[in-house]
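One-based numbering, in listed order, for ligands and for the atoms of each. In this text the structure is predicted, and so the values were computed from the model without any measurement.
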Amino acid sequence: MPAYPHLFQPLDLGFVKLPNRIMMGSMHTGLEELPDGIERLAAFYAERAAGGAALIVTGGFSPDDAGNLSGHAAEMASTSDRDRHKPIPRAVHEAGGRVCLQILHAGRYGKHPRIVAPSAIRSPINPNSPRELTAAEIETTIDAFARSAVLAREAGYDGVEIMGSEGYLITQFLALRTNQRQDDWGGSFENRMRFGIEVVRRTRAASGKDFILIYRLSALELVEGGQTTEEILTMARAIEAAGADIMNTGIGWHEARIPTIAQAVPRGGFAWVTRRLREAVKLPLVASNRINAPEIGEEIIARGDADMVSLARSMLADAEFANKAKAGDRAGINICIACNQACLDHIFSGQFASCLVNPRAGRETQLAYLPAARKKKVAVVGGGPAGLSCAAIAAERGHAVTLFEQAGELGGQFNLAKRIPGKQEFAESVAYYAERMKRAGVTVSLGVKASDAELAAFDEIILATGIDPRRPDIPGIDHPKVAGYVDVLRGKITVGQNVVIIGAGGIGFDLALYLLEKEGHSQTDPQAFATHWGITKDPAASGGLDAKGPAAARPPHRITMLKRSATPFGKTLGLSTGWVHRIELARNGVAMIKGVEYRRIDDAGVHITADGKEACIAADTVILCAGQDAKRDLLAGVEGRGRKAHLIGGAREAGELDAKRAMLEGAQLAASL
Ligand code: NAP
Ligand code: SF4
């Protein structure tokens, strides 16, 4: 009996039988725009196909120039695009998989000046204003979708996914907030639906019957003026009638101010939205968003919420997710922790997508873990993100690795991060790397500080000793009300009513959230999440938004965050997640003062100068989140013995430290030994 029997049942589409229920969902990788992007994408997708995904959907490619998301190369609009794409389906087929091209017209979301939309209404998340499409251009655009599908078929793809959600062009036609046309394409819902239906109808007619046509339906919009459930179900019926084979679930417009894939979203937290589509259609349904573990996919399919599950980031984290799940090897799966740090945040800042917990993702042609030419004795000091990544990969390459960790447990900063509400997933990464090291034969020495004499016996010495929290030089810093963030997160401090946080980087924000939410709403219950963010299942509600708004905040502490610099608060947070933090803190009335000079800390609180005025911020507890200094206490001893050491992670550079860089440095060093 397989461990996840529902997940590994075949799915028969009539003309093609998929071996299991795991789809690799569409995700823009940023490789699409690179000169060698097609070759890198081919290698990237081929590894996921070999890893057992039944069906892969590529990132979005535009059917014409105006619909291009970035304004650059990601198109399937010409015969030269068709020929350029051929290596992708070829590589996936050689690896035993199937791949569909996603056709995405960005409409008003495009990041270039040539963008178009049903009406000339600018998106709040895009500085560019769209031009209104003429009726003739609407016809040409629909034909461009159909032609794009034909080109995809000629390139060797097994099908296409039409992107009809997330606020892109098709959705822009559907919603009154973006479609204020007076002609046959606007006004009544029947008119607003027509664009998407025509796209599917003409695409099916042009591309033929035995070609997979997935439609990604906007099933919960989470914006004011978004569709009601009744409208969504009407659209679903029409799309089925127009010829789609599979219906995927799209959640939220990109401009929605409710998290849809961040860590705050419970695992499988939107499966109920897919289930609701069952009332309307018979075609196979795909559930999406925060499905990061096989047991979650199994539950969703066993409950009948969906027929397939779509995993995108989870496939970045582990290309072999499906094969491992099939073998029942749950402990061997590198779980996506929904941090967005190396995937979406990279895309939003013009870099290619990789993965914090799997730095090889997106670097398939560049970062190879080949067997070592000469087996060496390797010492890794520090069991945080950098050390874990380095030790596991070095041992897998054949080196004899010993990992020294002074604490009684592996994980380093991950063990603090996992205490933050919504960051519990970090525990998965520690467990996974511990297991991976065990399988690779790493000798782990816990609870003992390595000595330089001991280290001198190794061929390679790697210091991944991390950081020490900075203790700023402020008069009164030794006052009993002052605590470090580590002690607070470890529960060693009773935090008072009035709290001042010194420092407002990633850890300052995390700590504020920890204080506000540690006894707040459940982080794993989809209903608690919905109530917290003001999502309703009321079928008459526009956009799925509760008219009452989000649940009222009841902050257990009065918090003030301080920093010396004058830049806006939250600037250093992740682009795709920082806004969630900022909303939570604003809703809980957290005060933020920038440009401060610290004068002293005493019984009354923290005395500052800000805007040229002196003030005292009352505080029962003052918590230091003032950044980090590199911890290199072993370096001098090692060098004193005439040996060189490699420094990685926080030990190499504490400023701007993040786990993503630490794990990448660990992997790159391990690959080079
Ligand atoms: P950080 O982001 O560098 O922030 C340090 C904060 O301390 C700044 O606000 C800085 O503000 C203040 N500071 C620095 N030196 C100070 C001094 N001598 N006296 C008083 N204040 C001082 O560091 P972090 O918050 O420790 O985070 C470490 C890393 O973890 C970050 O680089 C981040 O990438 C990562 N992280 C990210 C997240 C996230 O994105 N959600 C969460 C946790 C951690 P002023 O200099 O303006 O006073
Ligand atoms: Fe998942 Fe984070 Fe990796 Fe993105 S970077 S795939 S969110 S673990």
Side chain or backbone, does [X] bring an N or O within less than 3.5 Å of an N or O on ligand 1?
X    : value
G505 : yes
T572 : no
K563 : no
D658 : no

**Message:** Determine whether N248 and S310 satisfy the following criterion, side-chain contact (heavy atoms from CB on, under 4.5 Å), listing intermediate values before the conclusion.
**Reply:** CA-CA 8 Å; N248 197 354; S310 169; 4.3 Å; yes
**Cation-pi, F352 ring and R40 (6.0 angstrom, 45 degrees)** = yes
**Request:** Is it possible for you to check whether K594 lies under 6.0 Å from the centre of the six-membered ring of F569, through NZ or CZ, and within 45° of that ring's axis?
**Result:** no
May I ask which of [options] has a heavy atom nearer to [atom] than the others do?
atom                    : options          : result
atom 27 (O) of ligand 1 : L575, D629, I507 : I507
atom 14 (C) of ligand 1 : G503, A626, C339 : A626
atom 8 (C) of ligand 1  : P469, A504, G627 : A504

**Complete:** Between the OH atom in Y514 and the CD1 atom in I420, the distance rounded to the nearest 0.5 Å is 8.0 Å
**Message:** With rounding to the nearest 0.5 angstrom, report the CD to CG distance, E32 to L41.
**Reply:** 5.0 Å
Answer side chain, backbone, both or neither: which part of [X] comes under 4.0 Å from ligand 1, heavy atoms only.
X    : answer
Y598 : side chain
K594 : neither
Q628 : side chain
C625 : backbone

**Prompt:** Knowing that exactly one of E425, R313, E428 qualifies, which makes a side-chain hydrogen bond (donor to acceptor under 3.5 Å, both in side chains) with N292?
**Reply:** E425
**Request:** Measure up the Y109 and H254 rings against each other and bin them: parallel (under 30°), tilted (30 to 60°), perpendicular (over 60°).
**Result:** tilted
Taking [X] first and then [Y], would you say they form a salt bridge - that is, a charged N and a carboxylate O separated by under 4.0 Å?
X    : Y    : answer
D318 : K324 : yes
R661 : E653 : no
R439 : E435 : yes
R436 : E396 : yes
D478 : R471 : yes

Looking at [X], which atoms of ligand 1 are within less than 4.0 Å of one of its heavy atoms?
X    : answer
P472 : 17 (C), 18 (N), 19 (N), 20 (C)
S565 : 45 (P), 47 (O)
G574 : 40 (O)

**Item:** ligand 2 atoms in contact with A338 (distance to a heavy atom under 4.0 Å)
**Value:** 1 (Fe), 7 (S)
**R419, CZ atom: more than 12 neighbouring heavy atoms under 6.0 Å** = yes
**Item:** Atoms named by residue and atom, protein N, O or S, within reach of atom 3 (Fe) of ligand 2 (under 2.8 Å)
**Value:** C355 SG
**Asked** Is Y485 in contact with ligand 1, taking contact as a heavy-atom separation below 4.0 Å?
**Response** no
**Message:** Looking at ligand 1, is there an atom of it that comes within less than 4.0 Å of some heavy atom belonging to K423?
**Reply:** yes
**Message:** Does any part of the side chain of M592, heavy atoms only, come nearer than 4.5 Å to the side chain of T560, both counted from C-beta?
**Reply:** no
